[in-house]
Amino acid sequence: MVEKNRYRIAVIPGDGTGPEVVREGIKVLEAAGEKHGISYDFTEFDFGGEHYLKTGETLPDSAIDDLRKFRAIFLGAIGHPDVAPGILETGILLKLRFALDQYINLRPVKLYPGVDTPLKGKKPEDIDFIVIRENTGGVYTGNGGTTRKGTPYEVAVQVMVYDRQMVDRCLKYAFEMAVERKKEGKPGNLTLVHKTNVLTYVGDLWFRAFTEMAKNYPGIKTDYNHIDAATMWTVKNPEWYDVMVTSNMFGDIITDLGAMVQGGMGIAAGGNINPAGTSMFEPIGGSAPKYTGKNVINPLAAIEAGRMMLKHLGEDAAARSIESAVAVACTRLKSLSAGKMGYSTSGVGDMVSGHIING
Ligand code: IPM
Ligand code: MN
């Protein structure tokens, strides 16, 4: 037997149902590892709402230095009902994205056979695209401020910041993704989504950078949509999209729409990617506190996050095994929603790992 590929993975189970779904994600990663000669060295970190309430600490800089040393991070969910909005989001999730320069947020939108989509008449062949969301710039940089606070003349400014290299590196990733997908037999089309009719500076920067880069990729068909139109077409004609690239906030919005189109938060996963550093993979549904500890939450999103992590690590065969097993699970589950699956959380994990080992 060939020597095992071994990966050091940091695990942040986080809050609410995070630990439950992470457990099933790891179960499935282990099964894929057993089948394909991969092993892992998992190290758990307890950051999240509970840790913050106990210690007042979100994510110390020393933890960033530790996390940087891992090949990847597997994240459950961050969010706690007793912590004011914004603290954990900026103190943990956004801090990690920024500090580790995870400048790509990769969010596949794929309808598995057997899954219900709210889009009438649309089939798995119609819904299979990937959104590349710029992940460290734009209005998320926190550039801005408030003056005259609390007065009737209060002014608040929050600036959409992009420089050319931030735009270029994101677009490059998107073009390469289109090339990759074309090799896999997918259309390999790339659509830039922005708002050039109003954002005449930032939109113009993205549009020019996109048009110039397109010249280096003559095999890739490109298109441009305004964000408002893109939300419309995602509902009406999702089959038009293959790879979509967009800035941070537009990507945030369109990927929630994408998650619903592919069957809901039960299956939606994302990767925060630094192509030259430590990337982080997560189910995008949040901590779902009301389902905590009930063994009813759908772990498929976390399992999908694990699949994306393996693909990112170059373990294509293992990632494909997970994909086939998830596809089978999707035809067995009565629904993807928590409590309505006809299976428990651990039952779904067992089913998927069983298919990997025996399938
Ligand atoms: C997401 C989330 C985050 C974002 C929040 C929690 C800061 O909505 O991952 O999409 O806006 O990026
Ligand atoms: Mn979001």
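Starting from 1, each residue takes its place in the sequence as its number. For ligands, and for the atoms within them, numbers begin at 1 and follow the listed sequence.
- Considering backbone and side-chain atoms alike, Arg133 places an N or O below 3.5 Å from some N or O of ligand 1.
- Every side-chain hydrogen bond (donor to acceptor under 3.5 Å, both in side chains) that Thr196 has, sequence neighbours left out, goes to Tyr224.
- An N or O contact shorter than 3.5 Å links Tyr140 to ligand 1 by distance.
- Each of Leu111, Leu119, Thr117 was compared with Pro238 under the side-chain contact (heavy atoms from CB on, under 4.5 Å) criterion, and only Leu119 meets it.
- Counting atoms of ligand 1 from 1 in the listed order, those under 4.0 Å from a heavy atom of Glu89 are 6 (C), 7 (C).
- In this structure, Arg97 is part of the shell of residues with a heavy atom less than 4.0 angstrom from ligand 1.
- Note that Arg133 lies in the cation-pi zone of Tyr140, set by a 6.0 Å cut-off to the ring centre and a 45° limit from the axis.
- Paired with Thr278 under the rule side-chain contact (heavy atoms from CB on, under 4.5 Å), one option of Ile273, Ile73, Asp101, Ile64 passes, and it is Ile73.
- Lys221 NZ: 12 or fewer foreign heavy atoms inside a 6.0 Å radius.
- In terms of distance to the Mn ion (ligand 2), the nearest N, O or S atom of Asp252 is named OD1.
- Looking only at protein heavy atoms, the nearest one to atom 1 (C) of ligand 1 is Arg107 NH2, 3.4 Å.
- Judged by the shortest distance from any of its heavy atoms, Asp252 lies inside the 4.0 Å radius around the atoms of ligand 1.
- Between Phe70 and Phe45, the ring planes are perpendicular. Angles over 60° get that label, and only those under 30° would be called parallel.
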